[in-house]
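Okay, so here's the structure we're looking at.
Computed from heavy atoms alone, side chains included, the values below leave out hydrogens, waters and symmetry copies.
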Amino acid sequence: MPASDSATGTAAATPAPAAAPTPAASTATAPTPAAAAVVAPAATPATNAAAERDPRIARSRAALREAFITLVEERGIDGFSVGDLCTSAGLNRGTFYNHFRDKESLLASFEDEVIEGLGGVLAKFQNIKLRELAACSLTHRPLPMLVELYDYLREEGSFLHAMLGRGGDARFGMRLREAVCGRFVRSLLHERYQNDPSAFTRYYISFYSGAYLGVISEWIDSGMTETSEEMALISMRLLFIKPGESIKM
């Protein structure tokens, strides 16, 4: 259970993700690996903005994302090549290399995009008070910010399922744990513990962060059958339950 009933949050949005640069014609020929390193730098926030303005880039990115998720689910993240990805997305390699250096930079862009979106939601937790959360729990009302968090996780459900699954990116699970769970738990601590370097505080945050990542993973893996409101209530109940107490909602 959190250390006190007075806290302020510290969640902050993560830096904007890397994304696709300028549009490329669908008939472009694939560059050699050496050429790709020169003409296809990592995507930047500026090129991400360009992608948002150009519907062709947006469509290519969406096709790559859908194909990437499908291939990760089918083969695992190391089980396919850029060529496989382009074939599945219906794009040529030239188009891919005009946007990304390699498969890893594409993955980083997708993951950064999700983490950035989570940062926007979590920024609303910075002024949350434990007594506010407790009041919602006692009256069986879902905390609106938690409902919004689960709404966002549902929107990204297919990507999260692929990344958190057996063939996904284990590093992303750690990022999600810190970006969502760690910041949420830390925001509920008394202010004197917010930056406390003691071993117990570190393990306390780690314990609850791991637990909440497990809740999110189980929800996603089981098909997200519960509503966002139900998951918000479950999350709050788990936070306040005491040893030996009934585990019923």
For this session: For atom CD of Glu66, decide whether the heavy atoms of other residues, nucleotides or ligands shown that lie under 6.0 angstrom number more than 12.
Result: no
Exercise. Can you tell me if Ser105 uses its side chain to pair, donor with acceptor, with the backbone of Arg101 under 3.5 Å?
Worked result: yes
Exercise. Do the two ring centres, one from Phe159 and one from Phe68, sit under 6.0 Å apart?
Worked result: no
Problem set entry | ILVMFWY cluster, Val121 and Val147 together (side-chain gap under 4.5 Å) | no
Problem set entry | Heavy-atom side-chain contact between Arg61 and Glu113 under 4.5 Å | yes
Problem set entry | Sequence-distant partners of Arg202, side chain to side chain donor-acceptor pair (under 3.5 Å), two or more places apart | none
For this session: Report yes if the side chains of Val82 and Phe100 come closer than 4.5 Å at any heavy-atom pair, otherwise no.
Result: no
Exercise. Are Met174 and Val185 in one and the same hydrophobic cluster, where Ile, Leu, Val, Met, Phe, Trp and Tyr link if side-chain heavy atoms are under 4.5 Å apart?
Worked result: no
Problem set entry | Side chain to side chain, Lys103 and Phe80, heavy atoms closer than 4.5 Å | yes
Exercise. Have Asp84 and Ser81 got a donor and an acceptor in their side chains that come within less than 3.5 Å?
Worked result: yes
Problem set entry | Qualifying salt bridge (charged side-chain N to carboxylate O under 4.0 Å, His left out) pairs with a residue from residues 154-169, counting only residues at least two apart or across chains | Arg65-Glu156, Asp169-Arg171
Exercise. So Met231 and Met224, side chain to side chain contact (heavy atoms under 4.5 Å, CB included) or not? Walk me through it.
Worked result: CA-CA 9 Å; Met231 289 306 301; Met224 299 179 289; over 6 Å; no
Seminar exercise, completed: Applying side chain to side chain donor-acceptor pair (under 3.5 Å) to Ser235 and not counting sequence neighbours gives Tyr150
Exercise. Quick one: does Phe172's side chain get under 4.5 Å of Val114's, heavy atoms only?
Worked result: yes
Exercise. Taking Asp221 for the side chain and Glu218 for the main chain, is one N or O donor matched with an acceptor at less than 3.5 Å?
Worked result: no
